[in-house]
Amino acid sequence: MICWSCEKNAGAGALCAACGALQPPDDGADLFTVLGVPARYAVDLAAAEVAYKELSRQVHPDRFATADPRARRASLARTVQLNLAWRTIKDPIKRAEYLLTRAGIDVDSGQKSSHDDGRGTQKIGAPPAFLLEILELNDELNAARVEGDSVKVAFMAEEMRARAGAALGTIAAALDSDAPGQLEEAARSLVALRYYQRFIDDAARQESGKHRVDGGGEGGGAR
């Protein structure tokens with residue numbers, strides 16, 4: 001990259017190697033590279049956070065408030081990119097999705113099967129049998145809610161949390177494995193995890209709604 005300030009080779013860093021001017025980011029940069037951490041699932045999040053905070057200080061717009069407009073634009077763009085990298089890498093599900101995307105796998109929970117989209121991207125979705133199971137479990141959860149069976153709602157949510165934990169463990173092991181077929185295994189588990197999480201969130205909303213109703217009833221009695 002040629003530096004906008006001195007018109008010399010700026011090098012690969014955020015600052016020009018020749019004059020020290022802040023350079024605009026590479027829009028296509030790998031997010032792991034942006035943070036300076038290894039591109040793998042088992043990231044040292046404590047070290048990644050330290051790197052994120054240090055880089056944030058280096059490119060923060062406040063440091064360039066009176067600088068050349070091009071430096072200010074570069075600061076804003078780098079800050080946006082850095083925040084995106086941190087949000088993606090610190091979240092276990094977003095990190096898994098990003099690693100799979102890098103490998104050419106699109107996890108699509110709306111698809112009922114796995115296929116190639118014709119552009120070199122493998123799309124992996126939920127198998128019909130799995131979708132049917134989730135549909136039946138959701139029906140069972142709704143029936144428990146209608147019947148006011150809060151114990152069953154809580155029990156089903158706990159079972160689903162266990163399944164979600166197991167899926168996340170499978171994803172972690174598969175993404176850092178060199179064995180054949182492991183990326184597809186991670187993708188299938190990620191599809192399942194999305195459905196598990198929706199179920200857990202739905203159960204939590206139902207429990208929250210029950211507590212609000214119960215609380216309102218008690219308040220009404222006090223009046």
Side-chain angles (χ1 to χ4, degrees), residues 1-108 116-117 119-124 168-187 189-190 193-194:
M1 178 186 292
I2 301 301
C3 174
W4 58 265
S5 179
C6 68
E7 299 184 349
K8 296 180 181 179
N9 188 341
L15 303 178
C16 173
C19 71
L22 184 67
Q23 302 301 301
D26 174 4
D27 291 336
D30 181 88
L31 297 184
F32 288 91
T33 301
V34 170
L35 272 184
V37 298
R40 54 176 304 176
Y41 189 80
V43 172
D44 183 339
L45 289 179
E49 185 174 13
V50 169
Y52 164 67
K53 289 179 177 179
E54 177 58 30
L55 290 168
S56 294
R57 284 192 290 269
Q58 291 178 12
V59 303
H60 197 281
D62 287 350
R63 295 190 61 186
F64 300 89
T66 59
D68 184 285
R70 289 166 292 185
R72 295 203 299 271
R73 288 194 295 270
S75 169
L76 287 170
R78 282 194 175 271
T79 297
V80 168
Q81 185 186 62
L82 187 60
N83 288 340
L84 172 63
W86 176 236
R87 286 196 305 271
T88 301
I89 291 171
K90 74 176 181 178
D91 185 290
I93 296 178
K94 290 180 180 178
R95 185 164 73 248
E97 290 173 344
Y98 184 70
L99 282 167
L100 288 168
T101 299
R102 289 173 81 251
I105 296 177
D106 179 14
V107 179
D108 185 355
D116 192 304
D117 67 357
R119 294 174 296 181
T121 299
Q122 184 179 4
K123 287 182 141 335
I124 294 184
L168 197 55
T170 298
I171 291 166
L175 284 176
D176 285 340
S177 171
D178 294 327
Q182 290 301 293
L183 288 177
E184 290 80 2
E185 177 69 17
S189 294
L190 184 54
L193 181 58
R194 287 175 172 176

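For the single chain, residues carry numbers from 1 onward in sequence order.
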- prompt: Roughly how far apart are Leu35 CG and Glu54 CD, rounded to 0.5 Å?
  reply: 12.5 Å
- request: Walk me through it: do Val107 and Arg194 pass the test side chain to side chain contact (heavy atoms under 4.5 Å, CB included)?
  value: CA-CA 10 Å; Val107 179; Arg194 287 175 172 176; 3.7 Å; yes
Beyond-backbone contact of [X] with [Y], side-chain heavy atoms, under 4.5 angstrom:
X      : Y      : answer
Leu193 : Ile93  : yes
Lys94  : Leu31  : no
Arg95  : Thr88  : no
Met1   : Gln23  : yes
Leu100 : Leu183 : yes
Arg72  : Pro61  : no
Trp4   : Cys16  : no
Leu175 : Gln182 : no

- line: The complete set of ring pair (Phe, Tyr, Trp, His ring centres under 6.0 Å) pairs with one or both residues in residues 56-106, sequence neighbours excluded, reads Phe32-Tyr98, Tyr52-Trp86
query: Would Leu22 and Leu15 count as a side chain to side chain contact (heavy atoms under 4.5 Å, CB included) if you check the C-alpha gap in whole Å, the side-chain angles of each, and the deciding distance to 0.1 Å?
result: CA-CA 4 Å; Leu22 184 67; Leu15 303 178; 3.7 Å; yes
Any donor-acceptor pair under 3.5 Å from [X] side chain to [Y] backbone:
X      : Y      : answer
Asp176 : Ala42  : yes
Glu7   : Ser5   : no
Ser177 : Ala173 : no
Ser75  : Val59  : yes
Glu184 : Gln122 : no

- prompt: Which is it for Ser56 and Thr79 under the side chain to side chain contact (heavy atoms under 4.5 Å, CB included) test, yes or no, and what are the steps along the way?
  reply: CA-CA 7 Å; Ser56 294; Thr79 297; over 6 Å; no
message: Go through it in stages, so that I can follow the logic: the residues are Arg102 and Glu97, the test is salt bridge (Lys or Arg N to Asp or Glu O under 4.0 Å), and I'd like the CA-CA distance, side-chain angles, deciding distance and then a yes or no.
response: CA-CA 9 Å; Arg102 289 173 81 251; Glu97 290 173 344; over 6 Å; no
- prompt: Please walk me through it: do Ile2 and Lys8 pass side chain to side chain contact (heavy atoms under 4.5 Å, CB included)?
  reply: CA-CA 5 Å; Ile2 301 301; Lys8 296 180 181 179; over 6 Å; no
